[in-house]
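Input: a single structure, listed below in structure tokens.
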Amino acid sequence: AGAGEGGIFRGVVIHVNGYTTPSHSELKDLMAEHGGSFENYFSSARVTHVICANLTDAKLKQHQKEKNPVPVVHPNWVVESIRAGRLLPFAKYVLDRIRKEPGQSVLPVAPRPAAGGGTPKKRSRAEGGDLLNNVDSFFKNSRLHFIGSWKAKIEDVMAAAASLDPPKPDPPGAAPRRVVHVDIDCFFASVAVRENPSLEGKPVAVCHSESTKGTAEISSCSYEARKFGVRAGMRISDARDLCPSLVQAPYYFEKYQEISVVLYRTLLRSSARVQPVSIDEAYLDITGLGDPREICEDIRARFLGETGCTVSCGCSHNMLLAKIATSRAKPNGVFAISSDESEAFMADLAVREIPGVGWKSSRRLEEMGVATCGDLWRLSSKTALQKSFGAKQGELIWDYSRGIDSREVKSETKRHSVGAEINWGIRFEHREDAVRTLGKLAEEVERRLRRAGIRGRCITLKLKLRKPNAPPPPKFLGHGWCDNLSRSVTLASAADDAGLIAREAVALLLRLDADPREIRGLGIQITKLDEGQPAAADASEGRARSGGQPGILDTFMKAGRRAEAAGPSSSGGGGRGESVRLSDIDVNEQKYILSMIQVRQREQSKRKHFFEGFVGRERGAARWRGDAEGDPGPREPPREPSPEPGSALAAALGQARFSHEVAAVLAGAEAKDVVEWVLRSVESDLESIWRLLRAVRSLRGGGPEATAMGAEGLEEIEGLISKSVENVYKGTLPRDVCRGVGVECDDSHDKV
DNA sequence: ATCCTCCCCTAC
DNA sequence: TAAGGTAGGGGAGGAT
Ligand SMILES: Nc1ccn([C@H]2C[C@H](O)[C@@H](COP(=O)(O)OP(=O)(O)OP(=O)(O)O)O2)c(=O)n1
Ligand SMILES: [Mg+2]
């Protein structure tokens, strides 16, 4: 099963020297199978890597004579790259004898971060692969990933700092509370200034690009820059229009981490009840622990002394007012709001300043003629607000505008989800590109679940899909104007295995029926988290991992076996320690599991290149990691599709994954053949029928003469589908059916 | 009523 | 070049 043009060794040309494992000819085959090529004779012009296990003295000497030497790499590089499903950096595999040679430093060049494998010579940047072919380097450089994942790590800091034996505030309930809010001033920017003292007093913005014309986003900026209107989230080019003297500064992620730890250790000296908000911000409950102003000044002095950065503090009797006080305190100050002052404070406050009222809500309030909290007070009733914002949100705005907030400062909060996503640099050509990226995201999710010692039962796929008429995004490699879609599966037992998660995510991707070329973002989220790890889940986990078992089937098998109350499992085997009962799985899950069985059946049946005749380009069978690996352990027996396809058309329609593929098939098909297929398949293969319906509708919308059968043919088919689906399933069409036709449009808040 | 899924909004 | 993530709150609307 070659990966064709998408092979991981695309652009790699090897020459094998001496005796190796795998052998000469095995390596040749492996390269052919994974998109690379092989030279029998060495040529420094063509060969990109010499593969060699043992370098003789003579060979070493010869190598040293080369002015522009080709890297000499151990065969494990090839083997392990294949196992990893991607081109690994070869630097670690450069032979030691070469590595140690002085003057050869050009050799094991560290791969450029954005370049997936570190191929030394002109990598063919050809069509096919995703532009962002290295998920790791994205995460390494993403500031939002950095601040987003920091909270999980803060938990460790908090736990460790418990040994400091911090003072405990009065127990909750005893009113009134004394709450402090702490926030580092222009955090990233002030670190930049600290690292580069010459920036002191200048307008500074932190972002990746130095280029004035760049589309890099500003992460943080100094207060000098803010005077010009520069803000976090702006593009550097726009910021420079506002402030020509703006100085760009880079990120210092390790420093942020160190400083954040200092912040939390400092805070925990003052109170045991610290609620982390973010990398640079937290609440403290200091009820009964002393004078708030003194505590704040103590924190500020200690922190400044240890880090050279300033924090500002707000004090009041609740979290809301403490936070609002901090915004008045900034930069480098303390501000307190007493109970009797609070009304006066809120009166003139813009609604946008209420935490929880963002861009969208403030716009809606503006339309209602509300600009300040005072305006909100004059609204006739809370009910009116709740009508337009919903019960909770309406009440929140109503209360917050009056300075009312009954939340308690909580030092421990339970996580409800773990996820990873990428919405930048995503440009796929083939479905396998998306599958590959999902695999990496699943690994990332697995790492985080394991680190936290948790598993989850619900797997959600998040997808950003380019809007039909979206203009090219202004941001370099940005997602632009998208529809956001998500689909989820709930398993019967909690999972943390990357392989399993990836499989489910891929199945969900297929369910969404997206054209891979339109995908602009992908994410995986795990919810319904379980702290405990039942033994049965462990057993199934082991099997799923080693045998590449599909998780959902695993679930189904367990449930099915229990339902039959029969003895040994019919297939797939190895199940002891049953813990899942059919009655534990709700009806929706059962229905979904059944429909997934169908999907999986088709996925596993051999998919030769049915579309080549219909679609103008090659389509390989879908494959993922498990397919390429060795095959220990039991495997689900391959299933043949139950109705034997009667014609190429039927086969193509039955095996198409996406409505655009179906559309391509329809273009050359005859109406009567399609009708016949619908009649035959409507009971057995609803999935394909839905897909057909979407394809028909999109073709009908796409103008006349799009198909050989013409408009009447399409109309006939659509009518037939509606009727027979209704007959067979006697109900309304599932909501899904409408989706491919026109994804619900929201006038996105995207920064166009 | 309550739950579930999918979606939007918000904050850093 | 550039790195538009992560998590929680909560609403709409359908199923139970
Ligand atoms: N859109 C944003 C917002 C914040 N951050 C990062 C950089 C900030 O330095 C840090 C903390 O966010 P704050 O909202 O606290 O902003 P600052 O600390 O920079 O400024 P302030 O003085 O207003 O707190 O998070 C970011 O990368 N992108
Ligand atoms: Mg800050």
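A quick note: this is a predicted structure, and the numbers were derived from the prediction, not measured. Sequence lines set the chain letters: A, B, ... in the order given, protein chains first and strands last, and positions in each chain run from 1.
Taking atom CZ of residue A:Arg231 and atom P of nucleotide B:dC12, one finds them 14 Å apart after rounding to whole Å. Look at CG on A:Leu461: it is 14 Å from C1' on B:dC7, rounded to the nearest Å. Rounded to an integer number of Å, the gap from NZ of A:Lys462 to C1' of C:dG8 is 12 Å. Between A:Ile279 atom CD1 and C:dA7 atom C1' there is a gap of 15 Å when expressed in whole angstrom units. Summarising the geometry, the separation between CD1 on A:Ile147 and C1' on B:dC12 is reported as 5 Å, rounded to the nearest angstrom. For the pair A:Lys392 NZ and C:dG8 P, the computed distance is 16 Å after rounding to whole Å. The distance from atom CG of A:Asp136 to atom C1' of C:dA3 is 13 Å, rounded to the nearest whole Å. Here C:dT1 presents its P atom at 16 Å from CD of A:Glu217, a figure rounded to the nearest Å.
Along DNA chain C, the nucleotide nearest to A:Asn423 and the one nearest to A:Glu210 differ in position, and the one closer to the 5' end is contacted by A:Glu210. With DNA chain C read from its 5' end, the first of the two nearest nucleotides for A:Phe389 and A:Leu441 is the one closest to A:Leu441.
Side-chain proximity of A:Ser486 to B:dC6, C:dG5, B:dT5: nearest is B:dC6. Nearest to the side chain of A:Trp359, among C:dG5, B:dT10, C:dT1, sits B:dT10. The listed nucleotides are B:dC6, B:dC9, C:dA3; the one nearest the side chain of A:Ala216 is C:dA3. Closest to the side chain of A:Phe476, out of C:dG11, C:dT1, C:dT6, is C:dT1. For A:Lys323, the side-chain atoms get nearest to B:dA11 when compared with the rest of B:dC7, B:dA11, C:dT6. Residue A:Lys360 has its side chain nearest to B:dT10 when only C:dT6, B:dT10, C:dA2 are considered. Side-chain proximity of A:Glu281 to B:dT10, C:dA2, B:dC12: nearest is B:dC12.
Within 4.0 Å of A:Gly419, counting heavy atoms only, lie sugar-phosphate atoms of the nucleic acid but no base atom. Across all strands, A:Ala420 comes closer than 4.0 Å only to sugar-phosphate atoms, never to a base (heavy-atom distances). A:Gln393 comes within contact range of the sugar-phosphate backbone alone, with a heavy-atom separation under 4.0 Å but no base atom that close. Across all strands, A:Phe139 comes closer than 4.0 Å only to sugar-phosphate atoms, never to a base (heavy-atom distances). Among the protein residues, A:Arg364 comes within range of no part of the nucleic acid, since none of its heavy atoms lies under 4.0 Å from any strand. Within 4.0 Å (heavy atoms only), A:Ala391 reaches sugar-phosphate atoms of the nucleic acid but no base atom.
A:Arg231 pairs by the side chain to side chain donor-acceptor pair (under 3.5 Å) definition with nothing, not counting sequence neighbours. Under the rule for a side chain to side chain donor-acceptor pair (under 3.5 Å), A:Glu195 has no partner lying at least two apart in sequence or in another chain. Legend: residues meeting side chain to side chain donor-acceptor pair (under 3.5 Å) with A:Thr310, ordered by chain and number and at least two apart, are A:Asp185. A:Ser142 pairs by the side chain to side chain donor-acceptor pair (under 3.5 Å) definition with nothing, not counting sequence neighbours.
Side-chain nitrogen and oxygen atoms of A:Lys528 include at least one within less than 4.0 Å of the OP1 or OP2 phosphate oxygen of B:dT5. OP1 or OP2 of C:dA2 sits under 4.0 Å from a side-chain N or O of A:Ser209. When the side-chain nitrogen and oxygen atoms of A:Ser488 are compared with OP1 and OP2 of B:dC6, one or more of them lie within a distance under 4.0 Å. Taking 4.0 angstrom as the limit, A:Thr460 places none of its side-chain polar atoms (N or O) nearer than this to OP1 or OP2 of B:dT5. Considering only side-chain N and O atoms, A:Arg235 lies nowhere under 4.0 angstrom from the phosphate OP1 or OP2 of C:dA2. Distances shorter than 4.0 Å separate some side-chain N or O of A:Thr215 from OP1 or OP2 on C:dA2.
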Listed pairs under 3.5 Å, donor-acceptor, residues 253-260 of chain A side chains, sequence neighbours left out:
from	atom 1	to	atom 2	distance (Å)
A:Tyr256	OH	A:Tyr252	N	3.1
A:Ser260	OG	A:Trp150	NE1	2.9
A:Ser260	OG	A:Ile279	O	2.8

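Using a 4.5 Å heavy-atom threshold, the side chains of A:Thr326 and A:Val182 count as separate.
Interatomic distance, CZ of A:Phe335 versus OG of A:Ser312, reported as 12.0 Å (0.5 Å rounding).
Residues A:Arg300 and A:Asn332 bring a donor and an acceptor atom of their side chains to less than 3.5 Å of each other.
The pair A:Glu444-A:Arg448 meets the salt-bridge criterion, with a side-chain N (NZ, NE, NH1 or NH2) lying under 4.0 Å from an Asp/Glu carboxylate O.
Non-hydrogen atoms lying under 4.0 Å from DNA chain C are contributed by A:Lys414, A:Arg415, A:His416, A:Ser417, A:Val418, all within residues 407-418 of chain A.
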